[in-house]
Amino acid sequence: MLDLRFVRENIELVEESLRKRGNELSLDKFREMEEERRRILTDVEKLKHRRNVVSDQIGELKRKGEDTGEIIAEMKELSGKIKEYDERLKELENNINDILLVIPNIPHESVPVGSTDQDNEEVFRWGEPRNFSFTPKAHWELGEGLDILDFGRAAKVTGARFTFLKNAGARLERSLVNFMLDLHVEKHGYREVFPPFLVNAASATGTGQLPKFAEDMFKLEGLDYYLIPTAEVPVTNLYREEILAEKDLPIYHVAYSACFRAEAGSHGRDTRGIIRQHQFNKVELVKFVKPEDSYAELEKLTADAEEVLQLLGLPYRKVVLCTGDLGFSSAKTYDLEVWLPAYNDYREISSCSNFEDFQARRAGIKYRREEDGRVEFVHTLNGSGLAIGRTLAAIMENYQNEDGSITVPEVLRPYMGIDVIR
RNA sequence: GGAGAGGUGUCCGAGCUGGCUGAAGGAACUCGCCUGGAAAGCGAGUGUAGGCAACCGUCUACCGAGGGUUCGAAUCCCUCCCUCUCCGCCA
């Protein structure tokens, strides 16, 4: 979330940035309540000071064995007043906080202004989409033909938008996880963590899923547990309510996890295949860095994700999301979109974002500067490195052969143990 | 799941028969003295959040979280969370 004082002192700027995101939230109510809050706070603090002073006097009088009846009567009245003020104050603080929690991050100045994904700007393309001498099949056709994807039985066992991976398909999924983890750990210097797949409400609030996007997550009935929509949530919350040492920054983590998305609004889109599932695997990159470094770190993080695509030989393009398409918590996001022959288009396979101090403030992740001992919020970043299921689909479609078999990309062969899936 | 113990500042650790404890003592760190240099020693300092003033400063809150009792709570009561030990169960 944004800093309370910052919002108070920059209301117009915040409203302007909301408009750029296509959000018509008015902050009039916020302004009113914040004024009242400060008024009451000043008053109640004066009363509390009085209470503290008199309380000391009572202690002293009691020690001397003197009468305190009158002064205690005064204090009773004072305490009653304080209680009333505190109640109103709490109400205001809750209401103000509720507003702050649903204000999205302010887009970075380099982010193009726009309303939909049509307005995203392409940064560059890498690789050439392959020219097929035959009509390429979609990954779901290939998968069923090779008996490596089973949609029907997954629907029976669980429901729509779940898939069984079988045989070389299951092995390919596992190979991709290992390949990506190895690359990021060994070459890019990330430290591997394996997180819980369930988090509590405080963690989901820390990264920005709650309170606004509760319906996108699966929640365990009767428990304060949510299935993680991405490893970003547990990994970013690793250091929630902590003060890190400057010498420990930057911290790079890479984590494999399953991801769970309820995505209530997605019915009807990508109903075939494994592009949009309720459960998928992902290798996620998460960084905690000093504020002055975060934009350079975003470029590096994105490059780390790109290298996966390059090593796999998958054509992709990099786009910068416009203000209207930017995620709630993000200040700037690059999407990497992989070429899918069956769609004859590029589809998102990685999303790399700088959240600046937006998540750090919600989650209370700070660091102490060596120079002057001051404490400030870190900047957090994350990006997919990559989404495994979509990578699998991309490999199947881009590396398919006329006979329906699939050539295994060179870098995966040590993990797969075979050259062709047939 | 059952029984017991406990959660205090960067860390360790007192206080817990309510007022003189934002919090003893120690460690660590910063600055100064000492020294050829270092260690030891000596002296001073070092939490977070918020309000007012915005130069110095000042006030409020915070002893796992929330609520209650009280004129007043780290200290008493209740609920919850977490950690440890033993038992049960389980991969």
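Here is the naming used below: chain letters follow the sequence lines, and residue numbers restart at 1 for every chain.
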Round to a whole Å and report the spacing from [atom1] of [X] to [atom2] of [N].
| X | N | atom1 | atom2 | result |
| --- | --- | --- | --- | --- |
| Ile40(A) | A61(B) | CD1 | C1' | 17 Å |
| Leu61(A) | C20(B) | CG | P | 14 Å |
| Asn94(A) | G50(B) | CG | P | 17 Å |
| Ile72(A) | G18(B) | CD1 | P | 15 Å |
| Ile82(A) | U69(B) | CD1 | C1' | 16 Å |
| Ile58(A) | C20(B) | CD1 | C1' | 15 Å |
| Glu35(A) | G51(B) | CD | C1' | 15 Å |
| Asp224(A) | G66(B) | CG | C1' | 15 Å |

Check ion pair [X]-[Y] (N to O, under 4.0 angstrom):
| X | Y | answer |
| --- | --- | --- |
| Arg8(A) | Glu34(A) | yes |
| Glu36(A) | Arg88(A) | yes |
| Glu215(A) | Arg261(A) | no |
| Glu246(A) | Arg368(A) | no |
| Lys83(A) | Asp86(A) | no |
| Glu35(A) | Arg38(A) | no |

Expressed as a whole number of Å, how far does the [atom1] atom of [N] sit from that of [M]?
| N | M | atom1 | answer |
| --- | --- | --- | --- |
| G13(B) | A74(B) | C1' | 15 Å |
| G66(B) | A61(B) | P | 15 Å |
| C11(B) | G4(B) | P | 30 Å |
| C12(B) | G88(B) | P | 32 Å |
| C63(B) | C55(B) | C1' | 34 Å |
| G9(B) | G22(B) | C1' | 9 Å |
| C89(B) | G2(B) | C1' | 11 Å |
| A73(B) | G68(B) | P | 12 Å |

With sugar-phosphate meaning primed atoms plus P, OP1 and OP2, does [X] contact a base, only sugar-phosphate, or nothing at under 4.0 Å between heavy atoms?
| X | answer |
| --- | --- |
| Leu41(A) | sugar-phosphate |
| Arg369(A) | nothing |
| Val44(A) | nothing |
| Lys46(A) | nothing |
| Arg63(A) | base |

When you check the phosphate oxygens OP1 and OP2 of [N], does a side-chain N or O of [X] lie under 4.0 Å from one of them?
| X | N | result |
| --- | --- | --- |
| Arg368(A) | U48(B) | yes |
| Lys366(A) | A49(B) | yes |
| Ser79(A) | G72(B) | yes |
| Arg8(A) | G51(B) | yes |

Pairs satisfying ring pair (Phe, Tyr, Trp, His ring centres under 6.0 Å), at least one member in residues 186-209 of chain A, at least two apart: His184(A)-His188(A), His184(A)-Tyr190(A), Tyr190(A)-Tyr252(A), Phe194(A)-Phe197(A)
Here's a test of your reading of the structure: between Lys90(A) and Tyr225(A), which maps to the more 5' nucleotide of RNA chain B? Lys90(A)
More 5' along RNA chain B: Lys62(A) or Lys83(A), using each one's nearest nucleotide?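 Upstream on the strand: Lys62(A).
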Between Ser257(A) and Lys282(A), do the side chains contain an N or O donor and an N or O acceptor separated by less than 3.5 Å? no
Test side chain to side chain contact (heavy atoms under 4.5 Å, CB included), reference Val254(A), set Asp182(A), Val283(A), Val193(A), Leu183(A), output is Val283(A)
Aromatic ring centroids of Phe288(A) and His379(A) under 6.0 Å?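 No, ring centres 6.0 Å or more apart.
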Taking the six-membered ring where the residue is Trp, are the ring centres of Phe328(A) and Phe358(A) under 6.0 Å apart?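 Yes; Phe358(A) has its ring centre under 6.0 Å from that of Phe328(A).
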Stems with RNA chain B, 3 or more Watson-Crick or G-U pairs in a row (under 3.5 Å), are B:1-7 with B:81-87, B:10-12 with B:25-27, B:28-33 with B:41-46, B:47-52 with B:57-62, B:64-68 with B:76-80
Side-chain donor/acceptor of Thr391(A) to backbone N/O of Leu176(A), under 3.5 Å: no
Got a sec? Which of residues 47-55 of chain A come in under 4.0 Å of RNA chain B, heavy atoms?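 Contacting residues: Lys48(A), His49(A), Arg51(A), Asn52(A), Ser55(A).
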Should the side chain of Glu60(A) and the base of G19(B) be counted as holding a donor-acceptor pair, with the cut-off at 3.5 Å?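 There is none.
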